[in-house]
Amino acid sequence: MKAVVFYGENDLRFQELPKPKTPAGGVLVKVKACSICGSDLRTIRHGHAAIKEPRVLGHETVGIIEELGEGVTEWKEGDRVAITPGIGCGVCASCRSGFQNMCYTRKTISQHYDGGFAEYVAVPYEALRAGNLNRIPQGVGFLEASLAEPLACVLNGQEDLQIRKGDVVAVIGAGSIGILHCMAAYAAGAAKVILLNRSGGRLREAERFGFDAYVDLSLQDGAEAVKELTEGRGADVVIVAAGAAEALTLGIQMAAKMGKVSMFAGLPKSSPEVLLNINELHYRQISLHGAFSSAPRHNKMALELIGSGKLKPQRLITHLVGLEKMTEGVEAAESRKALRAVISPCVEELLEETKQYDWIKTIS
């Protein structure tokens with residue numbers, strides 16, 4: 001099969017590999033699409049401690065079951081599926097409570113197992129046992145289904161925030177994840193969504209999504225702008241989808257009394273510290289939340305939300321890229337020419353889907 005293989009920092013190679021064997025108790029999936037995540041870009045440029053090279057990356061994978069492993073009865077060949085990458089042990093307290101993303105022995109497809117930047121991906125028994133395979137709803141295409149994984153992470157992040165009908169939600173960071181947070185906030189009942197970003201160009205690109213307000217942090221004080229937009233109250237919920245310490249500080253400043261602030265984006269390992277004024281949390285009774293990855297149930301929720309039509313993530317996809325052209329997809333994502341790039345080993349098959357999305361650029 002054809003695959004893009006990661007051999008170490010800045011070393012991606014398009015090559016032929018043996019077709020994976022179908023694991024006992026698992027399935028072999030023929031990949032249709034796998035979108036590029038920011039974490040993929042970081043791994044490509046800086047490596048990852050959990051990865052032993054060579055490794056096929058790609059963890060936002062959708063496709064069709066081609067073969068069933070011995071003993072598999074709940075699936076059939078031809079099923080259209082989305083794969084949740086993080087595999088929990090199934091027995092620890094985190095897994096039993098539905099938070100497999102917090103499992104201490106969690107393994108991940110694209111780190112411990114080969115991922116979806118290939119024609120085929122083998123899904124092991126452990127993943128099926130943990131519920132990491134979900135059916136794609138009827139009427140949902142592979143392109144939009146490939147965004148179920150990042151949407152699942154967004155839903156995990158918003159779960160604790162309990163966005164209510166009528167809330168004002170401010171999102172810092174106008175990348176694809178920040179925009180997904182805005183979409184999910186509306187789906188949860190938010191009355192007003194404010195998107196803030198320090199790059200005016202990216203913010204202008206996001207105007208096509210029609211959020212209530214946009215704040216250019218290079219021109220305006222973000223906290224003051226949000227207060228002006230909320231009659232001095234501030235935002236009920238603030239989601240920090242930008243990996244910068246100052247973004248978290250700003251998020252706390254713009255939160256309303258009894259507001260909730262989520263640090264969704266991680267910070268660089270070289271400088272993860274943030275200087276906080278704890279009195280702001282104390283006297284205004286602000287709660288601070290962390291968020292990381294997602295559990296299989298979040299992936300199922302994401303697919304159902306997409307299938308219902310309440311959220312249309314396909315509007316985020318700007319580039320459809322052939323597997324052999326993946327380095328061009330990576331460059332487009334890094335240069336921010338692409339909002340979301342999707343890699344596919346079968347671009348021709350997906351062209352029919354792209355006809356209704358005239359903003360998608362195809363590179364094949």
Side-chain angles (χ1 to χ4, degrees), residues 38 150 153-268 271-292:
C153 296
V154 164
L155 295 179
N156 173 52
Q158 292 194 10
E159 195 168 51
D160 267 357
L161 302 178
Q162 297 181 334
I163 296 171
R164 297 169 296 185
K165 188 175 182 179
D167 276 350
V168 174
V169 177
V171 177
I172 303 174
S176 59
I177 292 296
I179 292 171
L180 274 177
H181 267 295
C182 293
M183 292 178 174
Y186 278 130
K192 179 179 286 187
V193 173
I194 304 166
L195 182 62
L196 305 93
N197 199 68
R198 65 183 178 184
S199 167
R202 176 53 65 89
L203 201 63
R204 286 188 290 275
E205 290 175 15
E207 288 179 358
R208 67 185 175 91
F209 295 97
F211 305 135
D212 292 285
Y214 297 83
V215 176
D216 186 339
L217 295 175
S218 68
L219 302 175
Q220 297 174 268
D221 180 285
E224 289 303 316
V226 169
K227 288 174 183 176
E228 287 176 13
L229 290 163
T230 56
E231 299 179 345
R233 286 186 62 253
D236 301 292
V237 173
V238 180
I239 298 167
V240 182
E246 58 269 24
L248 177 58
T249 302
L250 176 62
I252 293 170
Q253 292 171 352
M254 69 177 63
K257 290 182 178 180
M258 299 188 71
K260 302 167 187 174
V261 180
S262 172
M263 187 60 191
F264 186 86
L267 297 180
S271 54
E273 296 84 7
V274 180
L275 184 62
L276 296 178
N277 182 345
I278 298 301
N279 280 343
E280 291 195 30
L281 304 179
H282 173 66
Y283 287 110
R284 289 195 283 134
Q285 205 165 314
I286 292 171
S287 54
L288 190 59
H289 300 256
F292 169 72

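Numbers for residues simply follow the sequence, beginning at 1.
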Student check: side-chain heavy atoms of M254 and L196 closer than 4.5 Å: yes
Heavy-atom nearest pair, A241 first then A265, reads C-CB, 3.8 Å
How far apart are the C-alpha atoms of R202 and E205, what are their side-chain angles, what is the distance that settles it, and do they pass the salt bridge (Lys or Arg N to Asp or Glu O under 4.0 Å) test? CA-CA 5 Å; R202 176 53 65 89; E205 290 175 15; 3.5 Å; yes
How long is the straight-line distance from CD of Q158 back to CZ of F264, given to the nearest 0.5 Å? 8.5 Å
CG/L276 to CD1/I252 distance, rounded to the nearest 0.5 angstrom? 4.5 Å
I would like to know whether L267 and L248 meet side chain to side chain contact (heavy atoms under 4.5 Å, CB included); could you show each step before the answer? CA-CA 10 Å; L267 297 180; L248 177 58; over 6 Å; no
Minimum heavy-atom distance A206-L195, with the two atoms named: CB-CD2, 3.7 Å
Which pairs, with at least one residue in residues 272-284 and sequence neighbours excluded, count as a salt bridge (charged side-chain N to carboxylate O under 4.0 Å, His left out)? E280-R284
How far apart are the closest heavy atoms of V240 and A247, and which atoms are they? CG1-CB, 3.7 Å
If you look only at distance, which donor and acceptor atoms sit under 3.5 Å apart when one is on a side chain in residues 162-177 and the other is two or more places apart or in another chain?
{"from": "D167", "atom 1": "OD2", "to": "R164", "atom 2": "N", "distance (Å)": "2.8"}
{"from": "S176", "atom 1": "OG", "to": "R340", "atom 2": "NH1", "distance (Å)": "2.8"}

Indicate yes or no: at least one non-hydrogen side-chain atom of F211 is less than 4.5 angstrom from one of I179. yes
State whether the number of non-hydrogen atoms from other residues, nucleotides or ligands found under 6.0 Å of L275 atom CG is greater than 12. no
Interatomic distance, OG@S262 vs CG@L288, rounded to 0.5 Å, equals 8.0 Å
Hey, is the main chain of K260 close enough, under 3.5 Å, to the side chain of D236 for a donor-acceptor pair? no
CG (N277) and CD (Q253) are apart, to the nearest 0.5 Å, by 9.0 Å
Distance, nearest 0.5 Å, that separates OG of S199 from CZ of R204: 7.5 Å
Output, in order, the C-alpha distance, side-chain angles, deciding distance and verdict of side chain to side chain contact (heavy atoms under 4.5 Å, CB included) for Q220 and E228. CA-CA 11 Å; Q220 297 174 268; E228 287 176 13; 5.5 Å; no
Can you see which heavy atom on A242 is nearest to which on M263, and at what distance? O-CE, 4.0 Å
Given 3.5 Å as the limit, does a donor-acceptor pair link the side chain of D212 with the main chain of V193, or not? yes
To the nearest 0.5 angstrom, please state how far the NZ atom of K227 sits from the CG atom of D221. 8.5 Å
Check the pair V238 / I286 against side chain to side chain contact (heavy atoms under 4.5 Å, CB included), numbers first and verdict last. CA-CA 11 Å; V238 180; I286 292 171; over 6 Å; no
Side chains of L229 and V215: does their closest heavy-atom pair fall under 4.5 Å? yes
